[in-house]
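Structure first, commentary second.
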Amino acid sequence: MEKKFQDSNKGLPHREVPPMIVLLLAMALMNTLLYFCLDHFFISPQQSAMDPSHCPFSHFRMGQMKNCSPWLSCEELRTEVRQLKRVGEGAVKRVFLSEWKERKVALSRLTRLEMKDDFLHGLQMLKSLQSRHIVMLLGYCEDDNTILTEYHPLGSLSNLEETLNLSKYQNVNTWQHRLQLAMDYVGIISYLHSSPLGTRVMCDSNDLPKTLSQYLLTSNFSIVANDLDALPLVNHSSRTFVKCGHRELHGDFVAPEQLWPYGEDLPFHDDLMPSYDEKIDIWKIPDVSSFLLGHIEGSDMVRFHLFDIHKACKSKNPAERPTAQEILDTYQKVLNLLRDTAMTQTREML
């Protein structure tokens, strides 16, 4: 009987899965997982057009704050904000790293009284243009000539290369993240050109270092405009145009219409200098974007695809230059194209 049972077991052969099938199934699973990783890597989440704090006007919420707080008053600035050290200085303001309720903040103080009009103009722009494009306003005191804003430890865009060269930021030193920074910058220009206060021109930008100093790099590697002290209004309907300063400008960075048009025989005189519109900001975009793209693997490929739109930005005729929104749309198309191409090439290599 035992022998018969053993013989019946022999009649049911054990079926083993061929090793090749196991290998193919494992590769298919790995490819699927890799595709998800690639999608997550190459496709960055779209930023909300709204202020991330989602607070009503004249309120703020930063960091881990659960509730919105009203802008701090003079009394609160005097009693609750502790000044730590000076971290920057310009013609209009000195900026101090400070502390409010154990949070790092930036306290700006007027440098000298003759610059108070510029200081108050910058404050009005900060109050009225609060959005994800503009540094967060936390409070102000006109009596003391102070403004409190969110502190960004990475500092201005001037520090970009130095920051990205640090080992802990190597993972974001890619053409994708750099192109996204350029899109942030153009997005700010587009916002200012169609702002709730009308078409505003970023006048304090007569050379590249000065331009970069007007923007801050946030901890999540986006850009916000920080210095709005020189943001005059253009109104094409009323033929209201601007002049950025009262001195003669030189160099290739500024737009041609910002240069003295009457030659060396006639000395510069501010009253004779023609005014201009927001297209001066468009002229500067290729130079700022080139700085942001840097010189890493893939950046020249991005420049190649942006060549035509950047050439249009450098048109001598301001009317022929594209709008900031048109440039931003082109940047997005290039990002999508290169991202999809990179994903396709990677998948074909598997």
Side-chain angles (χ1 to χ4, degrees), residues 88-93 111-112 114-122 124-125 129 156-158 160 182 185-186 188-193 195 197-216 223 225-236 238-293 309-324 327:
E89 182 172 353
V92 179
K93 301 185 295 288
T111 53
R112 52 188 188 276
E114 56 264 35
M115 303 302 295
K116 185 164 184 175
D117 287 345
D118 291 332
F119 182 85
L120 294 178
H121 172 79
Q124 182 59 42
M125 294 298 101
L129 296 176
S156 78
L157 275 185
S158 305
L160 179 64
Y185 165 70
V186 178
I188 293 171
I189 299 299
S190 180
Y191 173 68
L192 294 178
H193 287 182
S195 83
L197 301 179
T199 301
R200 295 285 169 169
V201 181
M202 187 60 102
C203 253
D204 210 355
S205 56
N206 295 330
D207 55 57
L208 181 59
K210 183 62 175 176
T211 301
L212 297 174
S213 72
Q214 309 301 300
Y215 302 89
L216 295 174
I223 298 174
N226 179 55
D227 194 336
L228 307 179
D229 297 336
L231 212 62
L233 175 68
V234 165
N235 189 323
H236 288 274
S238 63
R239 306 293 297 172
T240 301
F241 301 110
V242 304
K243 287 189 285 186
C244 292
H246 304 287
R247 61 182 178 85
E248 185 176 1
L249 300 177
H250 302 275
D252 297 330
F253 185 80
V254 295
E257 60 269 29
Q258 292 184 270
L259 302 176
W260 178 244
Y262 302 117
E264 296 180 358
D265 294 337
L266 182 63
F268 176 83
H269 196 286
D270 186 43
D271 291 339
L272 299 178
M273 180 66 198
S275 56
Y276 32 80
D277 64 13
E278 75 278 6
K279 290 300 183 74
I280 65 169
D281 287 336
I282 303 300
W283 173 274
K284 300 163 187 174
I285 284 177
D287 300 278
V288 178
S289 290
S290 182
F291 170 82
L292 295 175
L293 289 172
I309 192 70
H310 283 172
K311 182 179 179 181
C313 292
K314 292 295 188 178
S315 173
K316 298 292 184 182
N317 182 357
E320 294 178 358
R321 296 171 202 157
T323 65
I327 300 169

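Positions are given from 1 along the sequence.
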Testing the basics here: between [X] and [Y], what is the closest heavy-atom pair and its distance to 0.1 Å?
X: Asp204; Y: Lys210; result: OD1-CE, 3.0 Å
X: Pro209; Y: Ser158; result: O-OG, 3.9 Å
X: Tyr215; Y: Ala225; result: CD2-CA, 3.8 Å
X: Leu129; Y: Tyr191; result: O-OH, 3.0 Å
X: Ser289; Y: Val186; result: OG-CG2, 4.5 Å
X: Ala324; Y: Ile282; result: N-CD1, 3.5 Å

| What do the steps show when you test Asp287 against Lys314 for salt bridge (Lys or Arg N to Asp or Glu O under 4.0 Å), and what is the final call? | CA-CA 10 Å; Asp287 300 278; Lys314 292 295 188 178; 2.5 Å; yes
| said: Would the distance check show the side chain of Asn235 and the main-chain N or O of Thr240 forming a donor-acceptor pair, the cut-off being under 3.5 Å? | reply: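 Not at all, since once roles are kept as given, no pair shorter than 3.5 Å links the two residues.
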| field | Under 3.5 Å: donor-acceptor pair, side chain of Tyr276, backbone of Cys244 | value | yes
| task | Go through the structure and list residues passing salt bridge (Lys or Arg N to Asp or Glu O under 4.0 Å) with Lys284, not counting sequence neighbours. | result | none
| Does Phe253 have any ring-ring contact (aromatic ring centres under 6.0 Å, His included) partners at least two apart in sequence or in another chain, and if so, which? | none
| side chain to side chain donor-acceptor pair (under 3.5 Å) with Lys93: which of Asp118, Thr111, Asp229? |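 Checked Asp118, Thr111, Asp229 against Lys93; only one passes side chain to side chain donor-acceptor pair (under 3.5 Å): Asp229.
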| task | Under the side-chain contact (heavy atoms from CB on, under 4.5 Å) rule, what do Val92 and Arg112 come out as? Steps first, then yes or no, please. | result | CA-CA 7 Å; Val92 179; Arg112 52 188 188 276; over 6 Å; no
| side-chain contact (heavy atoms from CB on, under 4.5 Å) between Val242 and Leu233, intermediate numbers included | CA-CA 7 Å; Val242 304; Leu233 175 68; 6.0 Å; no
| Heavy-atom side-chain proximity of Leu192 to Glu278 below 4.5 angstrom |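 A side-chain contact is absent here, since even the closest heavy-atom pair is not under 4.5 Å.
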| query | What's the verdict on side-chain contact (heavy atoms from CB on, under 4.5 Å) for Val201 and Asp281, showing C-alpha distance, side-chain angles and the deciding distance? | reply | CA-CA 7 Å; Val201 181; Asp281 287 336; 3.7 Å; yes
Set of residues satisfying side-chain hydrogen bond (donor to acceptor under 3.5 Å, both in side chains) with respect to [X], sequence neighbours excluded:
X: Thr199; answer: none
X: Ser195; answer: none
X: Gln214; answer: none

What's the spacing between [X] [atom1] and [Y] [atom2] if we round to 0.5 Å?
X: Tyr185; Y: Ile327; atom1: OH; atom2: CD1; value: 9.0 Å
X: Asp227; Y: Leu216; atom1: CG; atom2: CG; value: 9.5 Å
X: Leu231; Y: Met125; atom1: CG; atom2: CE; value: 6.0 Å
X: Leu157; Y: Leu292; atom1: CG; atom2: CG; value: 6.0 Å
X: Asn226; Y: Ser213; atom1: CG; atom2: OG; value: 9.0 Å
X: His310; Y: Trp283; atom1: NE2; atom2: CH2; value: 13.0 Å

| request: Quickly, which of Lys243, Lys279, Arg321, Lys316 forms a salt bridge (charged side-chain N to carboxylate O under 4.0 Å, His left out) with Glu257? Name it, please. | output: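 Option passing the salt bridge (charged side-chain N to carboxylate O under 4.0 Å, His left out) with Glu257: Arg321.
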Acceptor/donor pairs from residues 261-274 side chains to any protein atom, 3.5 angstrom cut, sequence neighbours excluded:
from	atom 1	to	atom 2	distance (Å)
His269	ND1	Asp271	N	3.2
Asp270	OD2	His246	ND1	2.9

| field | CA sep, side-chain torsions, deciding dist, call: Val254, Leu259, side-chain contact (heavy atoms from CB on, under 4.5 Å) | value | CA-CA 8 Å; Val254 295; Leu259 302 176; 3.6 Å; yes
| Crowding at CG, Asp252 (>12 non-hydrogen neighbours, <6.0 Å) |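 Count not over threshold, so no.
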